[in-house]
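Okay, so here's the structure we're looking at.
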There are 2 protein chains.
Amino acid sequence: MKIIRVLSEPNRLHIVELLRDGPLTVGEIAAKLGMRQPQASKHLRVLSDAGLVEVHPSANRRFYKLRSEPFKELDTWLNSFRSIWEDRFDRLDDYLHDIQQQEKNQSSKK
Amino acid sequence: MKIIRVLSEPNRLHIVELLRDGPLTVGEIAAKLGMRQPQASKHLRVLSDAGLVEVHPSANRRFYKLRSEPFKELDTWLNSFRSIWEDRFDRLDDYLHDIQQQEKNQSSKK
DNA sequence: TATAAATATTCCTTTGAAAGAATATTCCTT
DNA sequence: AAGGAATATTCTTTCAAAGGAATATTTATA
């Protein structure tokens, strides 16, 4: 789950969202994000090391493009939580409520 | 997308995965993760501030439980990247699957 | 080949967040 | 009311990672 750690940096999240619409060069990314080129390169290095992007050199420039695997992985992980928001979990509230009642009764029992 | 920044800390990711199986108290979490109680409390504070968990006090203890909204939000965000890893052939299947999910959600919403 | 454009790397400084330790708070039990 | 268990908070220290600035590298073109 490297993707989460890597995307926790706001600029990198932004870069990934830019690349959602297609590959871009370093310069284009730097310009769109209002950052200097070295910073863009550094963030792209981190993204590349984590496997989130791949590079396609073209003449002078380098196009960065999203890779799918990390997103698939995140999707799989997220799916393991799906039962939580499909509201099968609400009876746990009742369970906790029962616990509270039991303890209340015990304490007032003597 | 606070959820990504909050889950970038490994211990917090671990806590969330523990809570996937149901609510736990601070002490239980600290024990299972081999960390000291104050650290557990501090991480839970961060998770709580970000809306990832909610608290259910019960006598001496406090049960922490996952909230669904941030996960839904992450799911929505992730879906905006789905075209990247599921091109042309699978599109129809995904569309149908999404429709089914939507109907499921609607019916459980009431 | 020299120069310019695009990109990468290195070094240094700064900053934010996590850990550690001690203490405070809350609530139950006796 | 006192003591104890569970949890929260505060303060300090530590450390990794991001930014800034300068420079190196690569590739194209004159």
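Residue numbering restarts at 1 for every chain, and letters A, B, ... go by the order of the sequence lines. This is a predicted model, so every value here is computed, not measured.
Taking 3.5 Å as the limit, the base of dA8(D) and the side chain of Gln37(B) contain a donor-acceptor pair of atoms between them. For dA18(C), the base has no donor-acceptor partner in the side chain of Glu9(B) [N/O atoms by modelled type, under 3.5 angstrom].
Closest to the side chain of Arg12(B), out of dA8(C), dA18(C), dA8(D), is dA18(C).
Look at Tyr64(B) and you'll find a side-chain N or O under 4.0 angstrom from OP1 or OP2 of dA8(D). Dashed line: the shortest gap from a side-chain N or O of Thr25(B) to OP1 or OP2 of dA6(D) is not under 4.0 Å. Taking 4.0 angstrom as the limit, Arg45(B) places a side-chain polar atom (N or O) nearer than this to OP1 or OP2 of dT9(D).
Residues Arg62(A) and His43(B) both approach DNA chain C. Their nearest nucleotides, taken by heavy-atom distance, put Arg62(A) toward the 5′ side. The residue among Val55(B) and Met35(A) whose nearest nucleotide of DNA chain D lies closer to the 5′ end is Val55(B). Mapped onto DNA chain D by nearest heavy atom, Ser41(B) and Ala59(A) fall at different nucleotides, with Ser41(B) at the one closer to the 5' end.
Residue Lys42(B) contributes atom NZ, which lies 13 Å from atom P of dA22(C) at whole-angstrom precision. To the nearest angstrom, C1' of dA6(C) lies 9 Å from CZ of Arg61(A). Across the protein-nucleic acid pair, Phe63(B) atom CZ and dA6(D) atom C1' stand 12 Å apart, rounded to whole Å. The interatomic distance linking Asn11(A) (CG) with dT15(C) (C1') rounds to 15 Å, in whole Å. Distance, Asp49(A) CG to dA17(D) P: 12 Å, rounded to whole Å. As a whole-Å value, the separation of Leu44(B) CG from dA18(C) C1' is 15 Å. Counting to the nearest Å, the C1' atom of dT29(C) and the CG atom of Asn60(B) are 10 Å from each other. For the pair Gln39(A) CD and dT7(C) C1', the interatomic distance rounds to 13 Å; values are reported in whole Å.
With hydrogens and angles disregarded, a donor-acceptor distance shorter than 3.5 Å links the side chain of Arg67(B) to the backbone of Gly51(B). At least one donor-acceptor pair under 3.5 Å links the side chain of Asn79(B) to the backbone N or O of Asp75(B). Side chain of Arg12(A) to main chain of Val6(A): a donor-acceptor pair is present (N/O by atom type, distance under 3.5 Å, no hydrogens or angles). Remark: side-chain polar atoms of Glu28(B) are paired, donor with acceptor, to backbone N or O of Thr25(B) under 3.5 angstrom. A distance-only check finds a donor-acceptor pair linking the side chain of Glu73(B) to the backbone of Met1(B) [under 3.5 Å]. Within the 3.5 Å criterion, the main-chain N or O of Leu44(B) finds no donor-acceptor partner in the side chain of Ser48(B).
In this structure, Leu47(A) CG and Asn11(A) CG are separated by 10.5 Å, a value rounded to the nearest 0.5 Å.
Hydrophobic clustering, with ILVMFWY side chains joined whenever heavy atoms are under 4.5 angstrom apart, groups Val46(A) together with Leu52(A).
No engagement by Arg5(B) is indicated, since no non-hydrogen atom pair under 4.0 Å with the nucleic acid exists. Across all strands shown, Pro57(A) has no heavy atoms under 4.0 Å from either base or sugar-phosphate atoms.
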- Message: Pairs counted only when both distances fall under 3.5 Å, Watson-Crick or G-U: show me the 5' to 3' dot-bracket for DNA chain C, [ ] for pseudoknotted crossings and | for other-strand partners.
- Response: ||||||||||||||||||||||||||||||

